[in-house]
Trainee: 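One structure, as structure tokens, below. Some questions next.
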Amino acid sequence: MGGSECDGILVKPDLVLYNTLIDGLCKVGKQEEGFKLMEKMRLESGYEPNTVTYNCLIDGFCKAGEIERSYELFDQMKKDGVVPNVITLNTLLDGMCKHGRVSTAMGLLAEMQEKGLKGNSITYTILITSFCSVNNVDRAMSLFNEMSENRCSPDAKVYYSLILGLCQARRMDDALCVASKAKEAGFGSDIICFNALIGGLCRKNKIDEAHKTLKDMEEAGIKPDRHTYNTLISYFSEKGQFETAHRVLKRMIDDGYFPNVVTYGALIHAYCLAGNVDEAMKIFQNMSSATNVPLNTVIYNILIDTLCKSDKVEDAISLLGVMKDKGVRPNTTTYNALFKGLQERNWVEKAFEIMDQMTENTCNPDYITMEVLTQWLSDIGETEKLRSFVEGYEVSTSTA
DNA sequence: ATAGGGTTAG
């Protein structure tokens, strides 16, 4: 990419062009190449990376989950005398928060604030979203209130992130209250907020309020989208009102939205809940053969879980095989469902086999896995297998 | 040229 390579034409990329390329590489998951390009730029063009260069790379490594690497870049940046800005801060905060390091993020924020770098509304959106995602909505609310005190007025997205968080926490009264405050501040809800509100109200069985919100949405000139329809289909089918659900489905299709994996997932789940596994399997078969909708882990998990609970572990195991043949990765939930099913049958050999598969797939056990296996395997005196299972993870996580 | 919010399982 150095200008010297271009015979005959005087093309010397400037720093902005380099940064654009580095950002592009990072955005498609090639952050390592982005990093190399920065080094090459230094050597061949003599440009020193600036704040933007570092910000792009830090974001690339954060999005790839390589927080340590991002932090190294942040240190290197400061060592080189390149001044971090609020974008650097926000990028790091978002990376840390999304990878479970909320308290590290708060520490960084405090440290940067001491150095005189103030957060902006994006900083607050990041923090509010992550506190909500770790079920600390109260902290999110207090951050929101803190914001105005710091004479930083919330923009639409700050309101929206709080509304979403409140909906996810099932705190619908608070969510509606914040939504009306947002409206007073000139930020009417958008389709994402409306969908969250409608979904939250449905989950709390407040169908009248959900209906009213749907009307508010239409009055605001916002049309229902695929999410809205999926939300309603999920509500009606889970209430056993399959006729209504199918009517909504028809309207969805008439409106130009093809059912997607979520639509099918909602129906499959509801038929499973209603004890109609046959109908659920029929939809599943139809999905595989008559639609282009790719099946995902969630779909298989619903069915595997239901089969295990209906004393059809063999069918669940064969579905696991189908899943793997189709290249759909089982996750912890898949294995947990299977272990519970196998425990019911006390089918130990099969459980051992599945445990080995889980380790091979570097799928991490969670507390449910450990609870089920610890209880079951110690009851039957198979603690040795349990120990080697756990050790398998200690090895794989240290080499990962 | 760089940063922020969405649906299905357990």
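Quick note on labels: first sequence line is chain A, next is B, and so on, each numbered from 1. Remember, it's a predicted structure, so these values are computed and weren't measured experimentally.
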Trainee: Does the A/N230 side chain pair with the main chain of A/I233, one donor and one acceptor, at a distance under 3.5 Å?
Mentor: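 Not a single qualifying donor-acceptor pair exists.
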
Trainee: Could you tell me how far apart A/L303 (CG) and B/dG10 (P) are, to the nearest whole angstrom?
Mentor: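 My rounded result for the distance is 11 Å.
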
Trainee: Could you walk me through whether A/Y271 and A/F242 pass the ring-ring contact (aromatic ring centres under 6.0 Å, His included) check?
Mentor: CA-CA 9 Å; A/Y271 281 113; A/F242 290 102; 4.0 Å; yes

Trainee: CD1 of A/I304 versus C1' of B/dG10: gap in Å, rounded?
Mentor: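 Taking atom C1' of B/dG10 as the reference, CD1 of A/I304 is at 13 Å.
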
Trainee: Can you tell me how far P of B/dT8 sits from CG of A/L273, to the nearest Å?
Mentor: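 Atom CG in A/L273 sits about 14 Å away from atom P in B/dT8.
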
Trainee: How many Å lie between NZ on A/K309 and P on B/dA9, as a whole number?
Mentor: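 Interatomic distance, NZ of A/K309 to P of B/dA9: 11 Å.
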
Trainee: Assess whether atom CD of A/E243 is packed by more than 12 heavy atoms of other residues, nucleotides or ligands within 6.0 Å.
Mentor: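 Counting other residues, nucleotides and ligands, CD of A/E243 stays at 12 neighbours or fewer.
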
Trainee: Got more than 12 heavy atoms from elsewhere within 6.0 Å of NZ, A/K239?
Mentor: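 Yes.
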
Trainee: From A/D173 CG over to A/R171 CZ, what is the distance, rounded to the nearest 0.5 angstrom?
Mentor: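 Atom-to-atom, A/D173:CG and A/R171:CZ are 10.0 Å apart.
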
Trainee: State plainly whether the residues A/D80 and A/R42 are in salt-bridge range, i.e. N to O under 4.0 Å.
Mentor: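 Result for this pair is yes, salt bridge flagged.
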
Trainee: Generate the contact string for nucleotides 1-7 of chain B. Rules: B means base contact, S means sugar-phosphate contact only, - means no protein heavy atom under 4.0 Å.
Mentor: BBBBBBB

